[in-house]
Asker: 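Starting off with a structure, shown below.
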Amino acid sequence: MRKIIICLLITITIGCYKVGGREVILHRVGGGRYTWSPKTNFTQWASYEHFYKGDWLYFGFDKSLYNVLEVNKTNYENCIDTNFIQNITKGGRDVVQLLEARTYYFLCGRGFCFEGMKIAINVEEPTFNPSPSALSNKAFQSSRIINMEFIVFLVTVLVVEVFII
């Protein structure tokens, strides 16, 4: 029984860090911790980001003022906050995983969409060819991968030691 639990924990631990051969990324919408607000240019922020299947979006906001709704393209373009796909709002520090390669549309209801609180996220399939920007950050990226692999290794060793003793 212990060996089965150890194998499951190792598999889960390793599987949590990569999707499609790449690390999953948590994108803070707007670029900061609590930037789901009218004063942020979400279109500009999204133009500097690359979103891939499996990545996560983090929305940080005051839930007494704002919300996050996933909507279709028509509702996004016209700031319609009814008949939404899903309400992401839970506690004001909410995440959503991008599970499909497609364009996602999010907006804030309560009239704030008209103040710019909306964002379109184009999600792509992960690629295995490094982009030019990835090549320029090759040293940083390789050290990041090594660090993640090292962390996974340490967690695995600790789990094995706990269950063997």
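Given the structure is predicted, the values throughout are model-derived calculations rather than measurements.
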Asker: Show which residues join L107 in its hydrophobic cluster (side-chain heavy-atom contacts under 4.5 Å, direct or indirect), or state none.
Answerer: L69, V71, Y76, F84, Y105
Asker: Could you tell me which non-hydrogen atom of W36 sits nearest to which non-hydrogen atom of V29, and how far apart they are?
Answerer: CE3-CG1, 3.9 Å
Asker: How far does OG of S47 sit from CG of N41, to the nearest 0.5 angstrom?
Answerer: 8.0 Å
Asker: Could you check if a side-chain atom of V123 sits within less than 4.5 angstrom of a side-chain atom of Y104, using non-hydrogen atoms only?
Answerer: yes
Asker: With sequence neighbours excluded, tell me which residues meet side chain to side chain contact (heavy atoms under 4.5 Å, CB included) with F114.
Answerer: C79
Asker: Do any pairs count as a side chain to side chain donor-acceptor pair (under 3.5 Å) and have a residue in residues 111-125, sequence neighbours left out, and if so which ones?
Answerer: T103-N122
Asker: Check the hydrophobic clustering (I, L, V, M, F, W, Y; side-chain heavy atoms under 4.5 Å; chains of links allowed) and say if L98 and Y58 are grouped together.
Answerer: no
Asker: Tell me every residue that passes ring-ring contact (aromatic ring centres under 6.0 Å, His included) with F106, counting only those two or more places apart in sequence or in another chain.
Answerer: F59
Asker: Output all residues satisfying salt bridge (Lys or Arg N to Asp or Glu O under 4.0 Å) with R110, sequence neighbours left out; order by chain, then residue number.
Answerer: none
Asker: Under a 4.5 Å cut-off applied to non-hydrogen side-chain atoms, are F51 and L57 in contact?
Answerer: yes
Asker: T82: which residues meet the side chain to side chain contact (heavy atoms under 4.5 Å, CB included) condition with it, sequence neighbours left out?
Answerer: I80
Asker: Taking atom CD of E23 and atom OH of Y52, what is their separation to the nearest 0.5 Å?
Answerer: 13.5 Å
Asker: Taking only residues two or more places apart in sequence or in another chain, which ones pass side-chain hydrogen bond (donor to acceptor under 3.5 Å, both in side chains) with E77?
Answerer: none
Asker: So which atom in A120 and which in A46 form the shortest heavy-atom distance, rounded to 0.1 Å?
Answerer: O-CB, 4.2 Å
Asker: Where is the tightest heavy-atom contact between F112 and P38, given as atom of each residue plus distance?
Answerer: CD2-CG, 3.9 Å
Asker: Please tell me whether V24 and V96 are part of a single hydrophobic cluster in this structure, the criterion being side-chain heavy atoms less than 4.5 Å apart.
Answerer: no
Asker: With rounding to the nearest 0.5 Å, note down the distance linking CD1 in I85 to CG in N87.
Answerer: 12.5 Å
Asker: Can you name the residues that form a side chain to side chain contact (heavy atoms under 4.5 Å, CB included) with T40, not counting sequence neighbours?
Answerer: T35, S37, F42
Asker: Taking salt bridge (charged side-chain N to carboxylate O under 4.0 Å, His left out) as the cut-off, I'd like each qualifying pair that reaches into residues 54-69, sequence neighbours left out, listed once.
Answerer: R22-D55
Asker: Indicate the atoms forming the closest heavy-atom contact of T74 with N78, along with that distance.
Answerer: O-ND2, 2.9 Å
Asker: Applying side chain to side chain contact (heavy atoms under 4.5 Å, CB included), name anything that partners D94, two or more places apart in sequence or on another chain.
Answerer: F61, I88, T89, K90
Asker: State plainly whether one hydrophobic cluster holds both V95 and Y34, where clusters connect Ile, Leu, Val, Met, Phe, Trp and Tyr through side-chain heavy atoms under 4.5 angstrom apart.
Answerer: yes
Asker: Not counting sequence neighbours, list each pair that qualifies as a salt bridge (charged side-chain N to carboxylate O under 4.0 Å, His left out) and has a residue in residues 27-46.
Answerer: none
